[in-house]
There are 2 protein chains.
Amino acid sequence: MTADGAASPGLTREALAQAALRVLERDGLAGLSMRKVAAEVGVKAASLYWHVRNKEELLDLLNDALMADAVAPPRTGHWRTQFREYCLLHRRLLLDKRDAAKVVAGRLAPGPHLIALMEDQLDRLREAGFSDADAAMAAYLLAAYVQGFVLQEQSPIAAAEAAGSSRREVVDAVADRFRALPRDTYPNLVALADDLTDPDMEARFEFGLQRILDGLAALLPPDRR
Amino acid sequence: MTADGAASPGLTREALAQAALRVLERDGLAGLSMRKVAAEVGVKAASLYWHVRNKEELLDLLNDALMADAVAPPRTGHWRTQFREYCLLHRRLLLDKRDAAKVVAGRLAPGPHLIALMEDQLDRLREAGFSDADAAMAAYLLAAYVQGFVLQEQSPIAAAEAAGSSRREVVDAVADRFRALPRDTYPNLVALADDLTDPDMEARFEFGLQRILDGLAALLPPDRR
DNA sequence: ACCTGAACACCGTTCAAGT
DNA sequence: ACCTGAACACCGTTCAAGT
(Lines give C-alpha, C1' and ligand atoms only; values in the text may rest on other atoms or scores of the structure.)
Protein backbone atom coordinates (compact mmCIF):
# COMPACT_ATOMS: atom_id res chain seq x y z
CA MET A 1 0.00 0.00 0.00
CA THR A 2 2.66 2.46 1.00
CA ALA A 3 5.65 3.51 -1.03
CA ASP A 4 8.23 2.10 1.35
CA GLY A 5 7.15 -1.43 0.60
CA ALA A 6 6.53 -2.48 4.20
CA ALA A 7 3.30 -4.40 4.52
CA SER A 8 3.30 -4.55 8.33
CA PRO A 9 0.02 -3.19 9.65
CA GLY A 10 1.68 -3.47 13.08
CA LEU A 11 2.58 -0.87 15.60
CA THR A 12 3.49 2.52 14.21
CA ARG A 13 5.15 5.19 16.29
CA GLU A 14 2.15 7.27 15.35
CA ALA A 15 -0.19 4.65 16.83
CA LEU A 16 1.94 4.69 19.95
CA ALA A 17 1.62 8.46 20.22
CA GLN A 18 -2.15 8.24 19.87
CA ALA A 19 -2.31 5.58 22.57
CA ALA A 20 -0.19 7.74 24.85
CA LEU A 21 -2.56 10.63 24.16
CA ARG A 22 -5.52 8.55 25.29
CA VAL A 23 -3.77 7.40 28.46
CA LEU A 24 -2.79 11.00 29.19
CA GLU A 25 -6.37 12.15 28.86
CA ARG A 26 -7.60 9.32 31.07
CA ASP A 27 -4.95 9.12 33.80
CA GLY A 28 -2.88 12.29 33.56
CA LEU A 29 0.88 12.54 33.18
CA ALA A 30 1.55 10.99 36.58
CA GLY A 31 -0.53 7.98 35.55
CA LEU A 32 1.08 7.58 32.16
CA SER A 33 3.20 4.43 32.33
CA MET A 34 4.84 2.31 29.68
CA ARG A 35 2.73 -0.59 30.87
CA LYS A 36 -0.52 1.30 30.35
CA VAL A 37 0.42 2.60 26.93
CA ALA A 38 1.38 -0.92 25.94
CA ALA A 39 -1.93 -2.30 27.18
CA GLU A 40 -3.77 0.47 25.33
CA VAL A 41 -2.23 -0.82 22.13
CA GLY A 42 -2.67 -4.50 22.93
CA VAL A 43 0.89 -5.43 23.69
CA LYS A 44 3.22 -6.00 26.65
CA ALA A 45 5.38 -3.25 28.09
CA ALA A 46 8.64 -4.78 26.96
CA SER A 47 7.51 -4.61 23.35
CA LEU A 48 7.48 -0.82 23.38
CA TYR A 49 11.25 -0.82 23.57
CA TRP A 50 11.40 -2.17 20.07
CA HIS A 51 9.73 1.00 18.76
CA VAL A 52 11.10 3.54 21.16
CA ARG A 53 14.39 3.92 22.98
CA ASN A 54 12.80 4.73 26.34
CA LYS A 55 9.94 6.60 27.98
CA GLU A 56 11.56 9.94 27.24
CA GLU A 57 11.33 9.23 23.53
CA LEU A 58 7.69 8.22 23.91
CA LEU A 59 7.06 11.58 25.57
CA ASP A 60 8.70 13.29 22.60
CA LEU A 61 6.18 11.56 20.34
CA LEU A 62 3.38 12.55 22.68
CA ASN A 63 4.64 16.11 22.65
CA ASP A 64 4.35 16.27 18.90
CA ALA A 65 0.94 14.60 18.93
CA LEU A 66 -0.28 17.34 21.26
CA MET A 67 0.79 19.96 18.74
CA ALA A 68 -1.01 18.21 15.89
CA ASP A 69 -4.23 20.15 16.42
CA ALA A 70 -2.54 23.54 16.47
CA VAL A 71 -3.91 25.95 13.95
CA ALA A 72 -2.64 29.31 12.76
CA PRO A 73 -4.91 32.35 12.94
CA PRO A 74 -5.88 34.16 9.72
CA ARG A 75 -3.06 36.20 8.30
CA THR A 76 -5.01 39.42 8.15
CA GLY A 77 -4.91 42.66 10.07
CA HIS A 78 -2.20 44.05 12.31
CA TRP A 79 0.66 41.80 13.47
CA ARG A 80 -0.44 42.53 17.01
CA THR A 81 -3.88 41.08 16.59
CA GLN A 82 -2.42 38.12 14.72
CA PHE A 83 -0.08 37.29 17.57
CA ARG A 84 -2.65 37.94 20.22
CA GLU A 85 -4.84 35.41 18.48
CA TYR A 86 -1.90 33.03 18.11
CA CYS A 87 -1.25 33.06 21.85
CA LEU A 88 -4.91 32.71 22.76
CA LEU A 89 -5.20 29.68 20.49
CA HIS A 90 -2.03 28.16 21.86
CA ARG A 91 -3.22 28.60 25.43
CA ARG A 92 -6.56 27.01 24.54
CA LEU A 93 -4.82 24.06 22.94
CA LEU A 94 -2.65 23.41 25.98
CA LEU A 95 -5.49 24.00 28.40
CA ASP A 96 -7.86 21.61 26.64
CA LYS A 97 -5.62 18.56 26.84
CA ARG A 98 -5.00 17.25 30.32
CA ASP A 99 -1.50 18.01 31.65
CA ALA A 100 -0.47 19.21 28.19
CA ALA A 101 1.64 22.07 29.54
CA LYS A 102 3.55 19.66 31.76
CA VAL A 103 4.33 17.42 28.83
CA VAL A 104 5.43 20.28 26.62
CA ALA A 105 7.36 22.27 29.22
CA GLY A 106 11.09 22.07 28.96
CA ARG A 107 11.06 19.68 26.03
CA LEU A 108 13.28 21.49 23.61
CA ALA A 109 13.33 19.07 20.71
CA PRO A 110 10.50 20.45 18.58
CA GLY A 111 8.43 17.92 16.64
CA PRO A 112 7.35 18.48 13.03
CA HIS A 113 4.10 20.14 14.03
CA LEU A 114 5.81 22.71 16.22
CA ILE A 115 8.42 23.30 13.53
CA ALA A 116 5.72 24.22 11.04
CA LEU A 117 4.23 26.60 13.57
CA MET A 118 7.54 28.29 14.27
CA GLU A 119 8.18 28.78 10.58
CA ASP A 120 4.85 30.53 10.21
CA GLN A 121 5.41 32.76 13.24
CA LEU A 122 8.88 33.79 12.17
CA ASP A 123 7.55 34.69 8.75
CA ARG A 124 4.92 36.96 10.23
CA LEU A 125 7.34 38.59 12.64
CA ARG A 126 9.82 39.43 9.91
CA GLU A 127 7.08 40.75 7.70
CA ALA A 128 5.93 42.92 10.60
CA GLY A 129 9.35 44.54 10.51
CA PHE A 130 11.31 42.80 13.25
CA SER A 131 14.99 42.15 12.71
CA ASP A 132 16.14 38.55 12.43
CA ALA A 133 17.51 38.52 15.94
CA ASP A 134 14.41 40.22 17.38
CA ALA A 135 12.07 37.87 15.52
CA ALA A 136 13.85 34.83 16.94
CA MET A 137 13.81 36.26 20.45
CA ALA A 138 10.19 37.36 20.17
CA ALA A 139 9.02 33.93 19.03
CA TYR A 140 10.82 32.36 21.96
CA LEU A 141 9.44 34.89 24.40
CA LEU A 142 5.85 34.40 23.33
CA ALA A 143 6.12 30.61 23.41
CA ALA A 144 7.77 30.70 26.83
CA TYR A 145 5.06 33.00 28.16
CA VAL A 146 2.18 30.85 26.97
CA GLN A 147 3.74 27.62 28.18
CA GLY A 148 4.80 29.07 31.49
CA PHE A 149 1.42 30.64 32.09
CA VAL A 150 -0.59 27.54 31.30
CA LEU A 151 1.73 25.43 33.40
CA GLN A 152 1.04 27.71 36.35
CA GLU A 153 -2.63 27.65 35.51
CA GLN A 154 -3.10 23.95 34.89
CA SER A 155 -0.94 22.23 37.49
CA PRO A 156 -2.80 23.44 40.57
CA ILE A 157 -6.04 22.27 39.01
CA ALA A 158 -4.61 18.80 38.63
CA ALA A 159 -3.27 18.88 42.17
CA ALA A 160 -6.62 20.06 43.51
CA GLU A 161 -8.45 17.36 41.58
CA ALA A 162 -6.08 14.78 42.99
CA ALA A 163 -6.78 16.07 46.48
CA GLY A 164 -10.50 16.05 45.82
CA SER A 165 -11.21 19.76 46.06
CA SER A 166 -12.17 22.19 43.33
CA ARG A 167 -9.98 24.92 41.90
CA ARG A 168 -12.32 27.50 43.34
CA GLU A 169 -11.83 26.11 46.83
CA VAL A 170 -8.07 26.16 46.50
CA VAL A 171 -8.01 29.74 45.30
CA ASP A 172 -10.32 30.84 48.07
CA ALA A 173 -8.11 29.12 50.61
CA VAL A 174 -5.10 31.07 49.34
CA ALA A 175 -7.05 34.31 49.51
CA ASP A 176 -8.06 33.53 53.08
CA ARG A 177 -4.45 32.85 53.97
CA PHE A 178 -3.45 36.25 52.62
CA ARG A 179 -6.21 38.01 54.51
CA ALA A 180 -5.30 36.19 57.71
CA LEU A 181 -1.73 37.51 57.67
CA PRO A 182 -0.75 40.13 60.26
CA ARG A 183 -1.64 43.45 58.70
CA ASP A 184 1.32 45.31 60.15
CA THR A 185 4.00 43.17 58.50
CA TYR A 186 2.05 42.25 55.34
CA PRO A 187 -0.12 45.28 54.60
CA ASN A 188 0.05 44.87 50.84
CA LEU A 189 -0.83 41.19 50.75
CA VAL A 190 -3.78 41.80 53.02
CA ALA A 191 -4.95 44.76 50.96
CA LEU A 192 -4.49 43.04 47.60
CA ALA A 193 -5.69 39.57 48.59
CA ASP A 194 -8.62 39.77 46.20
CA ASP A 195 -6.61 41.15 43.30
CA LEU A 196 -3.93 38.51 43.77
CA THR A 197 -6.38 35.64 43.76
CA ASP A 198 -8.70 36.88 41.05
CA PRO A 199 -9.82 33.61 39.45
CA ASP A 200 -10.31 35.14 36.00
CA MET A 201 -7.26 33.55 34.40
CA GLU A 202 -8.40 34.66 30.98
CA ALA A 203 -7.97 38.28 32.06
CA ARG A 204 -4.68 37.54 33.73
CA PHE A 205 -3.36 35.91 30.59
CA GLU A 206 -4.53 38.81 28.48
CA PHE A 207 -2.83 41.28 30.80
CA GLY A 208 0.56 39.69 30.43
CA LEU A 209 0.05 39.22 26.74
CA GLN A 210 -0.75 42.88 26.18
CA ARG A 211 2.30 43.96 28.17
CA ILE A 212 4.55 41.74 26.09
CA LEU A 213 3.03 42.89 22.83
CA ASP A 214 3.45 46.49 23.97
CA GLY A 215 7.07 45.79 24.74
CA LEU A 216 7.65 44.13 21.38
CA ALA A 217 5.96 46.97 19.53
CA ALA A 218 8.46 49.38 21.02
CA LEU A 219 11.18 47.61 19.03
CA LEU A 220 9.62 48.65 15.73
CA PRO A 221 9.96 52.02 14.03
CA PRO A 222 7.02 54.22 15.11
CA ASP A 223 5.20 53.95 11.78
CA ARG A 224 5.03 50.14 11.96
CA ARG A 225 3.81 49.68 15.50
CA MET B 1 15.49 25.33 75.17
CA THR B 2 12.69 26.56 73.03
CA ALA B 3 9.68 28.53 74.15
CA ASP B 4 7.13 25.91 73.13
CA GLY B 5 8.34 23.57 75.80
CA ALA B 6 8.92 20.57 73.52
CA ALA B 7 12.20 18.87 74.32
CA SER B 8 12.17 16.50 71.35
CA PRO B 9 15.37 16.90 69.35
CA GLY B 10 13.74 14.56 66.81
CA LEU B 11 12.74 15.11 63.25
CA THR B 12 11.56 18.60 62.40
CA ARG B 13 9.76 19.38 59.20
CA GLU B 14 12.58 21.84 58.67
CA ALA B 15 15.13 19.02 58.93
CA LEU B 16 13.08 17.07 56.44
CA ALA B 17 13.11 19.96 54.00
CA GLN B 18 16.89 20.26 54.33
CA ALA B 19 17.30 16.55 53.71
CA ALA B 20 15.09 16.79 50.63
CA LEU B 21 17.21 19.68 49.45
CA ARG B 22 20.34 17.56 49.69
CA VAL B 23 18.75 14.65 47.84
CA LEU B 24 17.51 17.04 45.15
CA GLU B 25 21.00 18.43 44.66
CA ARG B 26 22.49 14.95 44.49
CA ASP B 27 19.92 12.99 42.47
CA GLY B 28 17.63 15.54 40.87
CA LEU B 29 13.85 15.68 41.14
CA ALA B 30 13.38 12.38 39.31
CA GLY B 31 15.65 10.71 41.85
CA LEU B 32 14.00 12.26 44.88
CA SER B 33 12.13 9.48 46.65
CA MET B 34 10.59 9.21 50.07
CA ARG B 35 12.94 6.33 50.75
CA LYS B 36 16.02 8.38 49.99
CA VAL B 37 14.91 11.38 52.01
CA ALA B 38 14.18 9.04 54.90
CA ALA B 39 17.62 7.47 54.63
CA GLU B 40 19.20 10.93 54.45
CA VAL B 41 17.69 11.66 57.82
CA GLY B 42 18.43 8.25 59.34
CA VAL B 43 14.96 6.80 59.37
CA LYS B 44 12.75 4.44 57.35
CA ALA B 45 10.42 5.64 54.62
CA ALA B 46 7.25 4.82 56.52
CA SER B 47 8.30 7.18 59.31
CA LEU B 48 8.05 10.20 57.06
CA TYR B 49 4.29 9.81 57.01
CA TRP B 50 4.17 10.78 60.62
CA HIS B 51 5.57 14.23 59.80
CA VAL B 52 4.06 14.75 56.39
CA ARG B 53 0.78 13.74 54.76
CA ASN B 54 2.39 12.54 51.53
CA LYS B 55 5.15 13.28 49.04
CA GLU B 56 3.27 16.29 47.72
CA GLU B 57 3.46 17.92 51.12
CA LEU B 58 7.16 17.15 51.33
CA LEU B 59 7.57 18.93 48.00
CA ASP B 60 5.76 21.93 49.44
CA LEU B 61 8.33 22.05 52.21
CA LEU B 62 11.12 21.67 49.67
CA ASN B 63 9.58 24.47 47.64
CA ASP B 64 9.78 26.84 50.58
CA ALA B 65 13.30 25.72 51.44
CA LEU B 66 14.37 26.64 47.93
CA MET B 67 13.05 30.15 48.46
CA ALA B 68 14.90 30.55 51.74
CA ASP B 69 17.99 32.04 50.09
CA ALA B 70 16.04 34.60 48.11
CA VAL B 71 17.18 38.16 48.72
CA ALA B 72 15.63 41.47 47.74
CA PRO B 73 17.67 43.96 45.74
CA PRO B 74 18.44 47.38 47.24
CA ARG B 75 15.45 49.67 47.27
CA THR B 76 17.15 52.49 45.43
CA GLY B 77 16.86 53.96 41.97
CA HIS B 78 14.10 53.56 39.42
CA TRP B 79 11.44 50.86 39.88
CA ARG B 80 12.56 49.43 36.56
CA THR B 81 16.09 48.77 37.69
CA GLN B 82 14.79 47.39 40.97
CA PHE B 83 12.59 44.86 39.22
CA ARG B 84 15.18 44.00 36.62
CA GLU B 85 17.49 43.17 39.48
CA TYR B 86 14.73 41.24 41.24
CA CYS B 87 14.17 39.02 38.22
CA LEU B 88 17.87 38.48 37.59
CA LEU B 89 18.32 37.39 41.19
CA HIS B 90 15.31 35.13 41.06
CA ARG B 91 16.56 33.47 37.89
CA ARG B 92 19.98 32.97 39.47
CA LEU B 93 18.42 31.41 42.53
CA LEU B 94 16.39 28.92 40.50
CA LEU B 95 19.22 28.18 38.13
CA ASP B 96 21.71 27.47 40.88
CA LYS B 97 19.72 24.74 42.56
CA ARG B 98 19.29 21.59 40.53
CA ASP B 99 15.77 21.18 39.09
CA ALA B 100 14.56 24.08 41.21
CA ALA B 101 12.27 25.42 38.50
CA LYS B 102 10.60 22.04 38.14
CA VAL B 103 9.95 21.92 41.87
CA VAL B 104 8.57 25.44 41.99
CA ALA B 105 6.55 25.36 38.78
CA GLY B 106 2.84 25.07 39.21
CA ARG B 107 2.99 24.91 42.99
CA LEU B 108 0.58 27.61 43.92
CA ALA B 109 0.66 27.36 47.70
CA PRO B 110 3.33 29.94 48.54
CA GLY B 111 5.53 29.17 51.52
CA PRO B 112 6.48 31.83 54.10
CA HIS B 113 9.62 32.83 52.24
CA LEU B 114 7.77 33.49 49.00
CA ILE B 115 5.07 35.34 50.90
CA ALA B 116 7.63 37.76 52.30
CA LEU B 117 9.01 38.31 48.83
CA MET B 118 5.58 39.01 47.35
CA GLU B 119 4.84 41.52 50.06
CA ASP B 120 8.00 43.41 49.24
CA GLN B 121 7.36 43.37 45.50
CA LEU B 122 3.80 44.58 45.85
CA ASP B 123 4.96 47.40 48.04
CA ARG B 124 7.46 48.56 45.46
CA LEU B 125 4.98 48.27 42.59
CA ARG B 126 2.39 50.37 44.38
CA GLU B 127 4.96 52.95 45.31
CA ALA B 128 6.01 53.07 41.67
CA GLY B 129 2.49 54.17 40.87
CA PHE B 130 0.72 51.00 39.75
CA SER B 131 -2.91 50.53 40.65
CA ASP B 132 -3.80 47.71 43.03
CA ALA B 133 -5.07 45.50 40.23
CA ASP B 134 -2.08 46.26 38.01
CA ALA B 135 0.37 45.65 40.82
CA ALA B 136 -1.15 42.24 41.49
CA MET B 137 -1.11 41.31 37.82
CA ALA B 138 2.41 42.63 37.32
CA ALA B 139 3.79 40.63 40.23
CA TYR B 140 2.18 37.50 38.83
CA LEU B 141 3.44 38.20 35.32
CA LEU B 142 7.03 38.71 36.41
CA ALA B 143 7.03 35.60 38.57
CA ALA B 144 5.46 33.53 35.79
CA TYR B 145 8.03 34.81 33.30
CA VAL B 146 11.03 33.99 35.45
CA GLN B 147 9.75 30.55 36.41
CA GLY B 148 8.66 29.70 32.89
CA PHE B 149 11.93 30.86 31.41
CA VAL B 150 14.13 28.98 33.82
CA LEU B 151 12.04 25.87 33.41
CA GLN B 152 12.62 26.03 29.67
CA GLU B 153 16.26 26.74 30.29
CA GLN B 154 16.99 24.17 32.97
CA SER B 155 15.04 21.08 31.94
CA PRO B 156 16.89 20.37 28.71
CA ILE B 157 20.17 20.60 30.57
CA ALA B 158 18.98 17.93 32.95
CA ALA B 159 17.74 15.80 30.07
CA ALA B 160 21.03 16.19 28.22
CA GLU B 161 23.00 15.32 31.31
CA ALA B 162 20.87 12.23 31.76
CA ALA B 163 21.58 11.26 28.17
CA GLY B 164 25.27 11.90 28.63
CA SER B 165 25.71 14.81 26.23
CA SER B 166 26.41 18.43 26.99
CA ARG B 167 24.00 21.31 26.59
CA ARG B 168 26.17 22.73 23.84
CA GLU B 169 25.86 19.50 21.85
CA VAL B 170 22.10 19.47 22.19
CA VAL B 171 21.74 23.06 21.05
CA ASP B 172 24.04 22.47 18.10
CA ALA B 173 22.01 19.44 17.11
CA VAL B 174 18.84 21.54 17.07
CA ALA B 175 20.55 24.20 14.97
CA ASP B 176 21.70 21.54 12.53
CA ARG B 177 18.17 20.19 12.29
CA PHE B 178 16.89 23.66 11.41
CA ARG B 179 19.55 24.16 8.78
CA ALA B 180 18.87 20.75 7.27
CA LEU B 181 15.21 21.57 6.61
CA PRO B 182 14.10 22.08 3.00
CA ARG B 183 14.71 25.74 2.29
CA ASP B 184 11.64 26.18 0.10
CA THR B 185 9.10 25.21 2.77
CA TYR B 186 11.03 26.47 5.82
CA PRO B 187 12.94 29.51 4.58
CA ASN B 188 12.70 31.39 7.86
CA LEU B 189 13.85 28.53 10.09
CA VAL B 190 16.81 27.90 7.81
CA ALA B 191 17.71 31.59 7.71
CA LEU B 192 17.30 32.16 11.46
CA ALA B 193 18.77 28.86 12.66
CA ASP B 194 21.62 30.64 14.39
CA ASP B 195 19.43 33.30 15.98
CA LEU B 196 16.98 30.71 17.23
CA THR B 197 19.64 28.59 18.86
CA ASP B 198 21.79 31.36 20.26
CA PRO B 199 23.10 29.76 23.43
CA ASP B 200 23.39 33.07 25.32
CA MET B 201 20.43 32.48 27.61
CA GLU B 202 21.40 35.48 29.71
CA ALA B 203 20.72 37.74 26.72
CA ARG B 204 17.54 35.90 25.87
CA PHE B 205 16.27 36.34 29.41
CA GLU B 206 17.16 40.01 29.38
CA PHE B 207 15.35 40.50 26.08
CA GLY B 208 12.06 39.18 27.41
CA LEU B 209 12.52 41.02 30.67
CA GLN B 210 13.04 44.36 28.95
CA ARG B 211 9.96 43.83 26.77
CA ILE B 212 7.85 43.09 29.82
CA LEU B 213 9.20 46.06 31.74
CA ASP B 214 8.53 48.26 28.71
CA GLY B 215 5.00 46.97 28.59
CA LEU B 216 4.47 47.56 32.29
CA ALA B 217 5.90 51.06 32.07
CA ALA B 218 3.25 51.94 29.52
CA LEU B 219 0.64 51.48 32.24
CA LEU B 220 2.05 54.38 34.24
CA PRO B 221 1.41 58.07 33.66
CA PRO B 222 4.21 59.41 31.43
CA ASP B 223 5.98 61.27 34.22
CA ARG B 224 6.41 58.11 36.32
CA ARG B 225 7.75 55.75 33.69
C1' DA C 1 11.22 -8.25 12.46
C1' DC C 2 8.57 -8.10 16.28
C1' DC C 3 6.79 -9.79 20.66
C1' DT C 4 6.87 -12.06 25.45
C1' DG C 5 8.03 -13.87 30.40
C1' DA C 6 10.52 -13.20 33.84
C1' DA C 7 13.37 -10.79 36.41
C1' DC C 8 15.87 -6.59 38.61
C1' DA C 9 15.89 -2.69 41.15
C1' DC C 10 13.15 0.42 42.30
C1' DC C 11 8.59 3.39 43.61
C1' DG C 12 4.48 5.73 47.21
C1' DT C 13 1.59 4.42 50.74
C1' DT C 14 -0.78 1.77 54.49
C1' DC C 15 -1.05 -0.46 58.76
C1' DA C 16 -0.48 -3.40 62.48
C1' DA C 17 2.97 -3.73 65.70
C1' DG C 18 6.54 -2.13 68.50
C1' DT C 19 8.82 1.23 72.15
C1' DA D 1 4.67 10.38 70.34
C1' DC D 2 7.36 8.43 67.10
C1' DC D 3 9.34 4.63 64.47
C1' DT D 4 9.55 -0.04 61.98
C1' DG D 5 8.63 -4.49 59.08
C1' DA D 6 6.16 -6.17 55.99
C1' DA D 7 3.22 -5.92 52.55
C1' DC D 8 0.50 -4.02 48.35
C1' DA D 9 0.23 -2.39 44.00
C1' DC D 10 2.78 -0.37 41.19
C1' DC D 11 7.13 1.57 38.25
C1' DG D 12 11.13 1.65 33.86
C1' DT D 13 14.19 -1.28 31.72
C1' DT D 14 16.84 -5.45 30.19
C1' DC D 15 17.38 -9.74 28.07
C1' DA D 16 17.12 -14.33 26.81
C1' DA D 17 13.79 -16.75 24.48
C1' DG D 18 10.17 -17.37 21.35
C1' DT D 19 7.78 -16.97 16.42
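Everything numeric in this text was worked out from a predicted model, so none of it was measured. A, B, ... follow the sequence lines: proteins, then strands. Residue 1 opens every chain. Computed over heavy atoms, backbone and side chain alike; hydrogens, waters and symmetry mates excluded.
Under the Watson-Crick or G-U wobble criterion, with both distances below 3.5 Å, C/dC10 is left unpaired in every strand shown. Partner assigned to D/dC15 is C/dG5, using Watson-Crick or G-U wobble distances below 3.5 angstrom.
Screening A/Leu209, A/Asp120, A/Leu142 for a side-chain contact (heavy atoms from CB on, under 4.5 Å) with A/Tyr86, the sole residue that qualifies is A/Asp120.
When the C1' atom of C/dC11 is taken as reference, atom CG of B/Leu58 falls 15 Å away, rounded to whole Å. Summarising the geometry, the separation between CG on B/Asp27 and P on C/dC10 is reported as 11 Å, rounded to the nearest angstrom. Remark: P of C/dC2 and CZ of A/Arg13 are 13 Å apart, rounded to the nearest angstrom. Atoms NZ (B/Lys36) and C1' (D/dC11) sit 14 Å apart, rounded to a whole Å. Spacing between atom CG of B/Leu29 and atom P of C/dG12 amounts to 11 Å, rounded to whole angstrom units. For the pair A/Glu57 CD and D/dG12 P, the computed distance is 15 Å after rounding to whole Å. Across the protein-nucleic acid pair, B/Arg35 atom CZ and C/dT14 atom P stand 13 Å apart, rounded to whole Å.
Only the C1' atoms considered, C/dC10 is 15 Å distant from D/dC8, to the nearest whole Å.
Here B/Leu32 lies in heavy-atom contact (under 4.0 Å) with sugar-phosphate atoms only. B/Leu48 comes within contact range of no nucleotide atom at all, as no heavy-atom separation falls under 4.0 Å.
No donor-acceptor pair closer than 3.5 Å links the side chain of B/Arg84 to the backbone N or O of B/Glu206. The closest donor-acceptor contact from the side chain of A/Gln154 to the backbone of A/Arg98 lies at 3.5 Å or more, if one exists at all.
Between B/Lys55 and C/dG12 there is a side-chain polar atom (N or O) within less than 4.0 angstrom of OP1 or OP2. Phosphate proximity of D/dA1 to B/His51: absent, as no side-chain N or O sits under 4.0 Å from OP1 or OP2. Between C/dC2 and A/Ser47, no contact under 4.0 Å exists linking OP1 or OP2 to a side-chain N or O. When the side-chain nitrogen and oxygen atoms of A/Trp50 are compared with OP1 and OP2 of C/dC3, none of them lie within a distance under 4.0 Å.
Side-chain contact between B/Pro73 and B/Arg124: present, with at least one pair of heavy atoms (C-beta onward) separated by less than 4.5 Å.
When distances are taken from the side chain of A/Leu11 to each of C/dC3, D/dT14, C/dT13, the shortest belongs to C/dC3. Residue A/Lys44 places its side chain closer to C/dG5 than to any other of C/dG5, C/dC3, D/dG12. Minimum atom distance to the side chain of B/Tyr49 is reached by C/dG12, of the listed C/dG12, D/dC11, D/dA6. Listed nucleotides: C/dT13, D/dT4, D/dT13. Nearest to the side chain of B/Ala45: C/dT13.
For A/Arg204 and A/Phe149, the positive end is not near the middle of the six-membered ring at less than 6.0 Å and at most 45° from its axis.
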